[in-house]
Amino acid sequence: MVFNRLTQIWKRLKSQVSHRGATVILCSGTVVLGMGALAWLSNDQSGALKASGPSLLDLLDEVGSEAKRERKNIEPTKQPFPPRAISWSSPLSKQCSGFDSKLKNRLEAQQRTLKDRRVSVATDPTNYGDRFRINPWGAALNPDPRVVVLHETVYSLQSAVNTFLTPHPRDADQVSYHTVIGLNGKIVDLVDPLNRAYGAGYSAFLGEWAVTNPKIRGSVNNFALHLSLETPGDGANSRSIHSGYSSAQYDSLALVLTDWINRFGFTPAAITTHRHVDLGGERGDPRSFDWDELQTRLAALKVLCP
């Protein structure tokens, strides 16, 4: 509406003031008048515009009023409703016995040296951030880590680490996990669990997400821990399955999860997958994951029998 009125003014200006040496420019919906035109408008000596209707200054005032009315009609960004809850039935079940004693002894020995086995790598600051306690509309957010999202790297562990070390100024390119576990069981910590890793974009768990940017849809990142397993060589593709993860990876996975469960107090039922939390239906990782392998190890570490 405003632009149409400006166009009418432009046509009138073009026909009535060009011969007076005035400069008139219409750019980006704004009328810009040269000094000669402004002087002529203020004097309005000829009365030509008055004879055919309202003066040009009156029209400009009218456009300004219309613009103000239109700005008032623009609604501010509204807080989006959370998505419909998708149920999650954990493949992990209560287990207090029935695990192999050798497995138990092996894991407990590894658990005693876990701190020394973990390697820390400083992810570039563009690829992670602080956990938010308030959303853009002033509502409180709970930033406590209370769900674990499992992923896979698709390519090598080193390739994933290199990605996280690379600065990504654009929001769309930023990505990270808190921890990655190599095929040989190597544990690489990339983002402090108290910080927010960018592991899942458009996502939710049991109907909960957190919107931290009004221009971006919500995700679980503000209250999630992201852990990724290095993909075996035959999985560097888009196929739905591959040969699976190693025994050493499942050992390290169980140890890291036990550490997080003891530290943050969530239940094993809150361990889920990127496939499940993804609301866009585009993610399928971690492919070929064996929940039984994780079950026996968490049971041996007495995590599944409260």
Side-chain angles (χ1 to χ4, degrees), residues 92 99 102-125 127-128 145-166 175-200 221 224-233 235-236 242-266 268 270-274 285-304:
L92 300 172
F99 42 81
K102 291 182 179 179
L103 172 63
K104 178 178 180 294
N105 293 336
R106 184 179 81 229
L107 290 172
E108 288 179 345
Q110 292 181 26
Q111 192 174 37
R112 288 191 289 270
T113 62
L114 179 60
K115 185 176 180 180
D116 296 329
R117 292 180 55 218
R118 301 177 80 150
V119 177
S120 295
V121 174
T123 297
D124 187 86
N127 292 318
Y128 69 94
R146 55 190 180 278
V147 59
V148 177
V149 180
L150 300 178
H151 305 258
E152 66 174 298
T153 62
V154 180
Y155 298 105
S156 69
L157 182 149
Q158 190 59 54
S159 175
V161 170
N162 289 343
T163 299
F164 306 144
L165 294 178
T166 302
V175 61
S176 58
Y177 306 125
H178 289 95
T179 298
V180 176
I181 297 176
L183 289 166
N184 61 358
K186 182 178 181 179
I187 302 171
V188 181
D189 293 319
L190 297 155
V191 176
D192 189 304
L194 296 179
N195 288 327
R196 181 169 49 100
Y198 303 149
N221 290 339
L225 294 166
H226 296 284
L227 192 154
S228 185
L229 299 170
E230 181 180 14
T231 302
H242 50 60
S243 56
Y245 309 102
S246 68
S247 176
Q249 279 180 294
Y250 284 109
D251 282 359
S252 293
L253 173 61
L255 292 170
V256 172
L257 290 175
T258 299
D259 177 59
W260 284 348
I261 289 171
N262 291 335
R263 181 176 177 183
F264 297 109
F266 56 83
I271 301 170
T272 186
T273 65
H274 195 186
D285 57 314
R287 296 168 292 170
S288 301
F289 186 80
D290 192 333
W291 285 95
D292 288 338
E293 292 286 351
L294 180 59
Q295 168 86 27
T296 58
R297 287 166 170 80
L298 290 180
L301 289 167
K302 300 179 181 179
V303 174
L304 301 179

Should Trp260 and Pro193 count as side-chain neighbours, where that means a heavy-atom distance under 4.5 Å? yes
To the nearest 0.5 Å, what is the distance between CZ on Phe289 and NE2 on His242? 10.5 Å
Would you find a donor on one side and an acceptor on the other, under 3.5 Å apart, between the side chain of Asn127 and the backbone of Thr166? yes
Checking the side chain of Glu230 only, and the main-chain atoms of Leu157 only, is there a donor and an acceptor separated by less than 3.5 Å? yes
Could you measure the distance from the CD1 atom of Ile181 to the OG1 atom of Thr153? Nearest 0.5 Å is fine. 11.5 Å
Side chains of Pro286 and Thr273: does their closest heavy-atom pair fall under 4.5 Å? yes
Does Asp259 use its side chain to pair, donor to acceptor, with the backbone of Leu255 at less than 3.5 Å? no
Hey, is the main chain of Gln249 close enough, under 3.5 Å, to the side chain of Ser246 for a donor-acceptor pair? yes
Check: Tyr128 ring centre within less than 6.0 Å of Phe164 ring centre: no
Member of His178, His151, His274 meeting the side chain to side chain donor-acceptor pair (under 3.5 Å) criterion with His226: His151
Tell me which one of Arg297, Gln110, Arg117 satisfies side chain to side chain donor-acceptor pair (under 3.5 Å) with Ser252. Arg117
With side-chain hydrogen bond (donor to acceptor under 3.5 Å, both in side chains) as the criterion, how do Thr179 and Asp189 come out once you've worked through the C-alpha distance, each side chain's angles and the decisive distance to 0.1 Å? CA-CA 4 Å; Thr179 298; Asp189 293 319; 2.8 Å; yes
Short question: side chain of Thr231, backbone of Val154 - any donor-acceptor pair under 3.5 Å? yes
What distance do Ile187 atom CD1 and Leu227 atom CG have between them, rounded to the nearest 0.5 Å? 8.5 Å
So how far is it from Thr163 OG1 to Asp124 CG, rounded to the nearest 0.5 Å? 11.5 Å
CG on Leu257 to CG on Leu301, rounded to 0.5 Å: 10.0 Å
